[in-house]
Structure formats: structure tokens, C-alpha cells
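In what follows, chains carry the letters A, B, and so on, assigned in the order in which the sequence lines appear, proteins first and then strands, with residues in each chain numbered from 1.
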Number of protein chains: 2
Amino acid sequence: MTLADVADAVGVSPSTVSRVLTSSRPVAPEIATRVREAATRLGYSGNGIARALRRRRTDTVGMVVPSILNPFFTSLVDGLERTLHDEGKQLLLCDSRQDPDVEAEHLRALVERHVDGVVVSPCDDVASIPAVARTAAAVPLVQLDRRVEVDGTDWVGLDDHRALGMLLEHLRDRGARVVAFVTSEMTNSSTVDRARGFRENAALLGLQVAPDGIVLGEFSVASGEAAVRTLFARPQRPDAIVCADDLIAIGALRACHDLGLRVPEEVQVTGIDDIEFATYVSPTLTTLAQPTARMAAEALRLLGLRAAISDGSAHAIEATRLAFSPRLVERESTRSLP
Amino acid sequence: MTLADVADAVGVSPSTVSRVLTSSRPVAPEIATRVREAATRLGYSGNGIARALRRRRTDTVGMVVPSILNPFFTSLVDGLERTLHDEGKQLLLCDSRQDPDVEAEHLRALVERHVDGVVVSPCDDVASIPAVARTAAAVPLVQLDRRVEVDGTDWVGLDDHRALGMLLEHLRDRGARVVAFVTSEMTNSSTVDRARGFRENAALLGLQVAPDGIVLGEFSVASGEAAVRTLFARPQRPDAIVCADDLIAIGALRACHDLGLRVPEEVQVTGIDDIEFATYVSPTLTTLAQPTARMAAEALRLLGLRAAISDGSAHAIEATRLAFSPRLVERESTRSLP
DNA sequence: ATGAAAGCGCTAACAT
DNA sequence: ATGTTAGCGCTTTCAT
């Protein structure tokens, strides 16, 4: 069942059928009705592949995330999918599993599939560079959340410096003196930027960083739990633990519970992301909410802009970096103001 | 940069380049090397769209889930993505947001895009039928987890009857007498099957169902919490709450906590799915683990089988229904054996 | 082992 | 307003 079949059935040319079905040009109302009727009757459904080949666009956007199992990325995926659906486009979802090689494979496949654009959260600070650069050279690309240094690519994410400032200020106001930071290995931009934000803002606010007070692991509950056990095995204990994401923070809360440390009386704990479960742990978690839906929408807007630039319908602009400010969500894991 | 460009650069025909790059036919080793070298040098990356048009397959599988934000579906997506990646295929992910109209749109789009197959977890028992039937008529389709009555379509999911039997037996052995069931509205197969399994197994095991002991809501923490508050506002209280999924169960645990009910001493609570957070609530949640990775793999195997049947390389078989047995994961929300 | 030619199903340029 | 024509880039007969 092809366009031509429908055309034959109605007794018009394929072009006319195409025009009716895509409303790309005026067609006599009477013919249009007959065409539509025939298309429905014959169960004609179109061939997106042929259309894509001819129009040179696929109405598909590719996305590569480090892990679909991390609820933060899930909410990014959700935001992207909604916006795309509203625009009549679709999402080709890829999971790099934190592996730069898998990531590179996915990116190559997306280019080969001629997606209209790629949204990527590069899994590794260094190892992701070549594949991201190669991809950006072939197709509009925007980095979301994590970022890698590649010239001319846009990025949308969190203002990590400000984020850490907000958390530390919040903690200082609530009596914190000695702070620690639990994060993942320094192999991605989020971690690096947040660690830097932690150090600088702690200095700025006159907060003392516990000795060996920056503990590395990964973005997971288990890792956060282990890190906090390590932290409290040492003589000088922090009175506040800043965690690089909510998963780590939830692990930290568990460790505190098991160690018999009262939160927030003895130790305050904070996270980042505001995943749904931050509300469901006990004590509930003070954290920073990221505007994931807006971030996803902005990423797609930039992608559209890049596409317009490469087809000549817009002027070139330099790389955009959109750093969103988070919103502090105060809950029970930090104290009330004195 | 097309196949023809590479062919020109080497001085051979496009056919030869195609044969080298897809190893579809023997080519003189020396020429093959030169072709590969030229392809790399020119940065040729192939055009998957043109290839798909010609070969009449896209190496893409579409998936439609009721909500990507539900961790259970996320793990199904993860399983599917991994298996597909191993086979060199890609995943077109769609979220129906529990809306049959959105679901129908997505299914139509997948057919139009000529995906090689569709995996769907239909959001509504009744309203999803027409779109699923229409899709199944056009492309290999398998239902995963949730299911709708459409002739000739395969289904992979959980043995819900057995699941409820396992939970209720576990609870009875641990002293439960009066049980309640908290689930979502009866508009999808999971809910219907589980409610039925609950009733039948309770009767079989001699367990009393609390008056109005089947409470409907949705698959979410908030809903579980509200349902349990309702349940305990009544005179005759259950001593065990069976929840249709872990999200509901986590809500139930919160409600019990807030109501000052000790779990598992006064009330036992169980979930289904074994999402990661079932380990991180307090008390930790007794639940049933679903073999999501295997389920995803089986769904894809059946899809491949259907594809083979429709291209004539395999004999037609009747609809397969694969009901996996869950694994009981005992944790703190149910008691130890007396 | 290689090349020439046809065509997958569609849309857009160019007629009329 | 409609039809005719020419491809999009690839794979696959068919011929050599």
C-alpha cells in the first residue's frame, strides 16, 4: 500500500495525493476529500523512511544518557520526550552505561540514522571528547547536564557553582561548621564542577572542610553509604555532609541511621536533583531541585537553532551555555533556622 | 559524502563499495582494503535511511510504556535497550502517559516509521484495544507486562496469580489473618489479574479479606499512602496489606509510620517489582522480584519470531503467552517465621 | 569478482 | 490546481 496505490484508486497523480496528505499545497476540496477517503479506506499509513530520505530529515532526535536507571536522567528523558511529542517528533534513546566506547557506538549509529539532532550527557570528562566532537561535526548537537570541552557545542545544565553556594550557605545559616562533600569519581563535568563549587564556596563562607573531607565514589546509594562510613571512621567528624546527588545523599542518610547519628541534630545532610524519593526517605531530604522540563525544552530549542543555522535559514551564533539556577527544597535533613 | 563518492575516489562501482562495507559478497582483498581506507579517509558514515528504504528494515524497535517515570518500566526499558544494542539495533522510546489517545498516536507513528517491531505495555484494558490491534496487523507486536485481548499477539509478563499466591502464603505463614489489597484503578490487566489473584488465593488459603479490603487508586506512593489511611480509618483493620506494586507499598509504609502502626509487628506490608528503593525504605520492603532482563529478552525473541513468520522464513505459530514466576524477596516489612 | 541498471516510496522542481 | 519528471542513497538482481 503506497502513495501510488492511493493515487490509482482515486485516479489522480501521486503528487496530488502527497499534497493532500501533507497539506503542502492547495488541492481542490472535492479531490482532497476523495483522496483522504481512499487513504483511510485502503488503510494507507505512509512510509516515513521514504519520506525521510526525500525530505532529508527524520523528525527524530537521538539522546544518549549515562544511565537510564538513574531517576535524574529519567526525568530528563521524560521532559525531552514530552516536548518532542508535542512537535510531532520522536526520541531514539541510548544508554551508554557510563562506558565511553558504548557511548561512541551509539553516537555513530545516531549519525548514520540521520537523526535531526543529538542530545548527549557525556559520561566521561576526557574519554567522551573524540566521539562528541565527531558527532557535533556531523549533526546538530547539544550537551545536557554533563559536558565535555568541544568547541562550538551548546550546553544546558545546572549552575553548579551557585548550587553549591546555595547549599553551603543554607548549612552555614543552620550552624554547620565543618563540612564534607561526597561525590563520584572526578571523571565527569558534574563532579568536577560541584567539587570546585564546594571548595570555593566553603572558603568564601568561612566553613571548614573536614580533613580528607571530599570523598569519591559513584552516583549511587551504596556508594554514598560507604563513603559516609569512611568519613565517620575518622577522628574529626563533619557536622554537615553535602552530597553530589540525591542517590548519594540517601545512602548517606542510611549510614547515619546505622551509625546512630541523629540527622539533622548531629549531622546535616543535603542532596542535589530532588528525585521523587527524596520525599520518601526518613528524615526527608533537603536538596536542590533542577528544572529538568525547562532544561530539556531549552536543549531542544538550541538544537532547532543549530539545525536552522546549518541549513542556512539562520545566522551562525557562538556556543551557548545555559546554566540554570536550582531551587532549594528545605526538608528535614537540615535544621530550622536558629 | 555518499557511497558513490567513495566509489569515485577508489575508481570502482558503487556496488563494489556496498559489498565491501556490508561484506555481503566476496570482493578482491586488495580492492576491499582500498575501499575501506577511502571510506575512513573521507569520513564516510553511511545513510541508514536510504539503506532502510532499500532493505525494507530499519533495525529499530519501538516501545510504548505507560510511564517512563515508573522505575519498573525503566528497568524494562533498560533490559530492552541492552539486548537491542547487542544485536546492533536501536530503541524508539515512547511514553503514553497512561493516555490511550497518546498511546494510539505513538503506535501509529511507529508503524509509519516502519520499525521492525513494537513492544507495548498497553495502558488501558479496553481503550487500548483498537490501536494495539491495528498496530499488530501492520507490524510484529508483542505485549510486555500489561496486556490487552487482541487475537494473535504474544505476551510476556508476570504470572500474577502465582505472584499473589506466593505473597499471601508468605503472609499466612507469618500469622496474617485479615488481609487487604491496595492497587490501582481496574483499568489495566496488571491490576485486574492481581486483584483476581488476591481474591482467589485469599479464599484458597483461608485468609479473611477485610471489609472493603480492596482499595483502588493508582500506581504511586501518594496513592498508596492515601489508601492505607482510608483503610485504617475503618473499624475492622487488616493485619496485612498486600500492595500491587512497590510504589504503593512504599506509600503504605509511610502511612503506617505516620499512623503509629508498627510494621511488621502490627501490620505486615508487601509490594511487587523489587525496585531499587524497596531496599532503602524503613522497614525494608518484602516484595516480589520480576526477571525484567529476561522478560525483555524474551519479548524481543518473540518479536524476531513474528518477523520471521511474516517474511515467510518460519511457520506461523499461535499466540504465545509467557508468564514468568516472580522471586520472593523477604525483608523487614513482613515477620520472621514463628 | 565486478559493473550496469533498476527501484525502494516519497516529495519538490518544473511544467502546464 | 494538477501532472510529469527526477532524484534522495542505497542494495540487489542481472549480466558479464
Side-chain angles (χ1 to χ4, degrees), chain A residues 1-36 38-39 42-60 88 109 111-116 138-139 310-313, chain B residues 1-36 38-39 42-60 88 109 111-116 138-139 310-311:
Chain A
M1 184 48 45
T2 73
L3 243 188
D5 296 329
V6 179
D8 287 349
V10 184
V12 294
S13 78
S15 328
T16 301
V17 178
S18 170
R19 282 166 193 146
V20 172
L21 267 26
T22 62
S23 355
S24 55
R25 289 249 221 133
V27 168
E30 190 254 346
I31 293 193
T33 319
R34 278 170 51 211
V35 166
R36 264 187 277 270
L42 300 173
Y44 171 73
S45 88
N47 183 327
I49 302 300
R51 154 182 286 233
L53 180 60
R54 180 63 234 229
R55 307 225 319 205
R56 329 190 102 242
R57 41 179 272 232
T58 49
D59 293 326
T60 304
V111 170
E112 188 171 320
R113 275 185 148 69
H114 283 227
V115 292
D116 295 341
V139 54
S310 51
D311 74 15
S313 60
Chain B
M1 183 47 44
T2 72
L3 243 189
D5 296 329
V6 179
D8 288 349
V10 184
V12 294
S13 77
S15 330
T16 302
V17 178
S18 171
R19 282 164 191 147
V20 172
L21 266 26
T22 62
S23 354
S24 55
R25 286 250 221 132
V27 168
E30 190 253 347
I31 293 193
T33 319
R34 279 168 51 211
V35 166
R36 264 186 275 271
L42 300 172
Y44 173 72
S45 89
N47 183 327
I49 302 299
R51 155 183 287 232
L53 181 60
R54 179 63 234 230
R55 306 226 303 198
R56 332 193 96 232
R57 44 179 269 234
T58 49
D59 292 326
T60 304
V111 170
E112 187 171 321
R113 275 186 147 71
H114 283 225
V115 292
D116 295 342
V139 54
S310 50
D311 74 14

Between B/P29 and A/G48, the residue closer to the 5' end of DNA chain C by nearest nucleotide is B/P29

Closest non-hydrogen atoms of A/T58 and B/R113, given as atom of the first, atom of the second and distance, are O-NH2, 2.6 Å

Looking only at heavy atoms, the pair that brings A/Y44 and A/L3 closest together is CE1-N, 3.4 Å

Over all strands shown, is [X] touching base, sugar-phosphate only, or nothing at heavy-atom distances under 4.0 angstrom?
X     : result
B/T16 : sugar-phosphate
B/S24 : nothing
A/I49 : nothing

For C/dG9, does OP1 or OP2 lie under 4.0 Å from any side-chain N or O of B/R56?
yes

- Report the C-alpha distance between A/R19 and A/S15 in whole Å, list the side-chain angles of each, state the deciding distance to 0.1 Å, and finish with yes or no for side-chain contact (heavy atoms from CB on, under 4.5 Å). CA-CA 6 Å; A/R19 282 166 193 146; A/S15 328; 3.7 Å; yes

Rounded to whole Å, please give me the gap between [atom1] in [X] and [atom2] in [N].
X      : N      : atom1 : atom2 : value
A/L21  : C/dT11 : CG    : P     : 8 Å
A/R55  : C/dA13 : CZ    : P     : 12 Å
B/R113 : C/dC10 : CZ    : C1'   : 15 Å
B/R54  : C/dA6  : CZ    : P     : 13 Å
A/N47  : C/dG7  : CG    : P     : 17 Å
B/L3   : C/dG7  : CG    : P     : 20 Å
A/D5   : C/dC10 : CG    : C1'   : 13 Å

Notebook entry, point to check: So, do B/V35 and B/V12 sit near enough that their side-chain heavy atoms are less than 4.5 Å apart?
Noted result: yes

Outermost contacting nts on DNA chain D, any atom under 4.0 Å from chain A heavy atoms, listed 5' then 3', are D/dA1 to D/dG9

Next item on the list: Please confirm whether the backbone N or O of A/T2 pairs with a side-chain atom of A/D5, one donor and one acceptor, at under 3.5 Å?
Entry: yes

Donor-acceptor under 3.5 Å (A/R51 side chain, A/G46 main chain)
no

Picking from C/dA12, C/dG7, C/dC10, the nucleotide nearest the side-chain atoms of A/A50 would be C/dC10

- Message: Please tell me whether B/S13 and B/T16 have a donor and an acceptor in their side chains that are separated by less than 3.5 angstrom.
- Response: yes

